[in-house]
**Q** 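The structure follows.
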Amino acid sequence: MSERSGKVQTVLGLIEPDQLGRTMTHEHLTMTFECSHVPPAPGDEGLAAAPIEMKHLHWLQQNPYSHQENLLLNQEIEAVKEELLCYRKAGGGSIVENTTTGINRNLPVLRQLAKDTGVHVIAGAGYYVDVTHSDETRKMTVEKLTDIIVSEVLHGADGTEIRCGVIGEIGTSWPITESEKKVLRATAHAQTQLGCPVIIHPGRDTAAPGEVIRILQEAGGDISKTVMSHLDRTIYDRQELLEFAKMGSYLEYDLFGTELLNYPFNLRVDMPSDSQRVQNLVFLVREGYEDRILIAHDIHTKHRLTKYGGHGYSHILENIVPKMLSRGITQNQVDKILIENPKHWLTFK
Ligand SMILES: CCC(=O)NCCS(=O)(=O)O
């Protein structure tokens, strides 16, 4: 049995699972998202280059990936610190910080934020999507990738002694690339060695989550300890959702606060509203999946911070929980989704 067994690993060290409290399982506190820049529509170049101002807020909310500066969340450490203090006041306890190699993980900043705010921060090991893989990463064998991921959990990442407490978000595209498949296999092998939680960013296709789970399963991964993120924009048909749910992973709705008419990464997608997300939670609870649901905001751009007129990290606690209760989800079920499920997922075997 390792020293991590039965514990949760934060950027400040091991804690007891009961110390976590209410937990957002998919957020970012510092990262860059230039890899996903979307060129502005013809005529919008001026807006895309303008400083972020109130009068442009609606445009920014509808075109968040077409504004280069908006993609630099790493410039907002002070604002994020203020938000985390508000999150604590709103009853939040912990945040899983999903930034992995490729989108500028910064572990010293995460540790400082945890120290300054008292919020438990759990950092992510591994690699984001293929477009961010370096040539060196692409050439690595599954064994080498496994060793790196294991080392990020056991010894620390990015040349620091700060240890990751989950593997992910592991990035996958659609179709899944060869380099991503190697990272998925390495993730499963590392999980087998460590008994740790895993979290996946699926490609933007209904078939993507199931395909990822099959690859992890074949490589020996523990699907019951794996989270499938971004279901909001990936599986919309209820029957397909139930088929996927049967595969046994955690089911994460993590884009709360995002209300976007045209989803630029897949224009066929109708991004749900928060009300529709809550309807999906009600559906899954009624179908018996209350032990598998996780929720979060996945803040990854500036405009979603309250400093820029966004909803911030406390939106779920302040606005979504009352809505869940008003739609028939019980307080006990809310506590499962925000406290018990994250706790079980994050505890090392
Ligand atoms: C790094 C943050 C991230 O990948 N968020 C998911 C965005 S989306 O794929 O759901 O648009």
Side-chain angles (χ1 to χ4, degrees), residues 24-38 60-68 70-76 80 95-106 109-110 122-133 164 166-177 180 183-184 198-209 211-212 227-236 251-274 276-277 280 294-305 310-311 313:
M24 298 297 136
T25 48
H26 198 130
E27 303 294 346
H28 300 268
L29 303 177
T30 175
M31 62 165 276
T32 61
F33 208 34
E34 292 136 310
C35 62
S36 295
H37 178 252
V38 174
L60 190 62
Q61 285 166 346
Q62 293 300 319
N63 300 276
Y65 305 110
S66 296
H67 191 282
Q68 291 277 13
N70 192 40
L71 307 178
L72 304 177
L73 186 64
N74 63 339
Q75 295 177 338
E76 299 295 341
V80 167
I95 279 187
V96 182
E97 216 284 0
N98 277 255
T99 308
T100 44
T101 299
I103 46 177
N104 272 313
R105 179 175 54 195
N106 191 332
V109 165
L110 297 189
I122 296 100
Y127 298 84
Y128 193 56
V129 298
D130 184 288
V131 289
T132 69
H133 292 185
C164 299
V166 303
I167 304 176
E169 62 184 296
I170 295 299
T172 59
S173 317
W174 188 256
I176 305 170
T177 71
E180 289 168 347
V183 172
L184 285 172
V198 163
I199 183 164
I200 302 293
H201 164 109
R204 298 170 182 113
D205 189 281
T206 317
E211 187 58 21
V212 168
V227 176
M228 188 53 64
S229 306
H230 312 326
L231 286 179
D232 329 36
R233 54 91 166 138
T234 317
I235 302 182
Y236 339 98
L251 309 166
E252 191 177 75
Y253 283 81
D254 51 30
L255 295 165
F256 274 99
T258 308
E259 307 235 347
L260 192 62
L261 196 56
N262 296 304
Y263 178 58
F265 302 129
N266 184 348
L267 290 171
R268 283 176 291 129
V269 168
D270 284 328
M271 183 65 89
S273 66
D274 278 353
Q276 290 167 319
R277 289 185 179 97
N280 286 335
L294 297 170
I295 57 176
H297 312 91
D298 186 18
I299 291 181
H300 53 275
T301 48
K302 289 187 184 188
H303 81 291
R304 295 175 67 198
L305 300 176
H311 54 80
Y313 296 93

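Order of listing sets the numbers, starting from 1, for every ligand and every atom in it.
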**Q** Could you pull out the closest heavy-atom pair between Pro202 and Thr172, with the gap in Å?
**A**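 Between these two residues, the closest heavy atoms are CA-OG1, 3.3 Å.
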**Q** For ligand 1, which atoms, with element, lie under 4.0 Å from some heavy atom of Leu255?
**A**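 Near Leu255, meaning under 4.0 Å from one of its heavy atoms, ligand 1 has 10 (O).
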**Q** What residue and atom, counting heavy atoms only, is the protein's closest point to atom 11 (O) of ligand 1, and at what distance?
**A**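 Protein heavy atom at minimum distance: Tyr263 OH, 2.6 Å.
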**Q** For ligand 1, which atoms sit closer than 4.0 Å to a heavy atom of Glu169?
**A**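 The atoms of ligand 1 under 4.0 Å from a heavy atom of Glu169 are 1 (C), 2 (C), 4 (O).
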**Q** Taking only heavy atoms of His201, which atoms of ligand 1 are found under 4.0 Å from at least one of them?
**A**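 In order of numbering, the contacting atoms are 4 (O), 6 (C), 9 (O).
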**Q** Using a 4.0 Å heavy-atom threshold (strictly under), name the region of Asp232 that reaches ligand 1: side chain, backbone, both or neither.
**A**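 Neither part.
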**Q** Give a yes/no verdict on a cation-pi contact between Arg204 and Phe265, requiring under 6.0 Å between NZ or CZ and the six-membered ring centre and an angle within 45° of the axis.
**A**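 Checked: cation-pi criterion met.
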**Q** So if I count the atoms of ligand 1 from 1 in the order they appear, which ones are less than 4.0 Å from some heavy atom of Ile103?
**A**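 Reading through ligand 1 atom by atom, the close ones are 1 (C).
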**Q** Would you tell me whether His297 and Glu27 have side-chain atoms, one donor and one acceptor, within less than 3.5 Å of each other?
**A**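 Short answer, yes.
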**Q** Please state which option from Glu27, Met271, His28 has its nearest heavy atom closest to atom 2 (C) of ligand 1.
**A**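 Going through Glu27, Met271, His28 one by one, His28 has the nearest heavy atom to atom 2 (C) of ligand 1.
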**Q** Taking atom types as modelled and ignoring hydrogens, do the side chains of His28 and Asn98 form a donor-acceptor contact shorter than 3.5 angstrom?
**A**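 No, Asn98 and His28 have no side-chain donor paired with an acceptor closer than 3.5 Å.
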**Q** Should the ring pair Tyr65 and His300 be called parallel, tilted or perpendicular, given that the plane angle runs from 0 to 90° and is split at 30 and 60?
**A**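 Rings of Tyr65 and His300: parallel, as their planes differ by under 30°.
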**Q** Evaluate Asp298 for polar contact with ligand 1, using N/O atom pairs at a separation under 3.5 Å.
**A**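 Yes, at least one N or O pair falls under 3.5 Å.
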**Q** Which residue supplies the protein heavy atom nearest to atom 10 (O) of ligand 1, what is that atom called, and how far is it?
**A**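 Residue, atom and distance for the closest contact: Arg233 NE, 2.9 Å.
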**Q** Ignoring hydrogens and geometry beyond distance, is a side-chain donor-acceptor pair present between His311 and Glu259 at under 3.5 Å?
**A**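 Checked: His311/Glu259 side chains show no N/O donor-acceptor pair below 3.5 Å.
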**Q** Look only at the side chain of Asn70 and the backbone of Pro64, and say whether a donor-acceptor pair between them is shorter than 3.5 Å.
**A**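 Between the backbone of Pro64 and the side chain of Asn70 there is a qualifying donor-acceptor contact (under 3.5 Å).
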**Q** Around Asn266, counting heavy atoms of other residues, nucleotides and ligands shown, do more than 12 lie under 6.0 Å from its CG?
**A**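 More than 12 within 6.0 Å, yes.
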**Q** With atoms numbered from 1 as shown, which atoms in ligand 1 lie under 4.0 angstrom from a non-hydrogen atom of Phe265?
**A**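 Going through ligand 1 atom by atom, the ones under 4.0 Å from Phe265 are 11 (O).
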**Q** What's the shortest distance from atom 3 (C) of ligand 1 to any protein heavy atom, and which residue and atom give it?
**A**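 Ranking protein heavy atoms by distance from atom 3 (C) of ligand 1, first comes Tyr128 OH, 3.5 Å.
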**Q** Measure from atom 9 (O) of ligand 1 to every heavy atom in His230, His26, Arg204 and give the option owning the shortest one.
**A**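 Selected option, by shortest heavy-atom distance: Arg204.
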**Q** What do we get for Asn98 next to ligand 1 when only non-hydrogen atoms under 4.0 Å count, side chain, backbone, both or neither?
**A**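 The answer is neither.
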**Q** Do His201 and Ser229 have a side chain donor and acceptor closer than 3.5 Å?
**A**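 Ser229 and His201 do not have a side-chain donor-acceptor pair below 3.5 Å.
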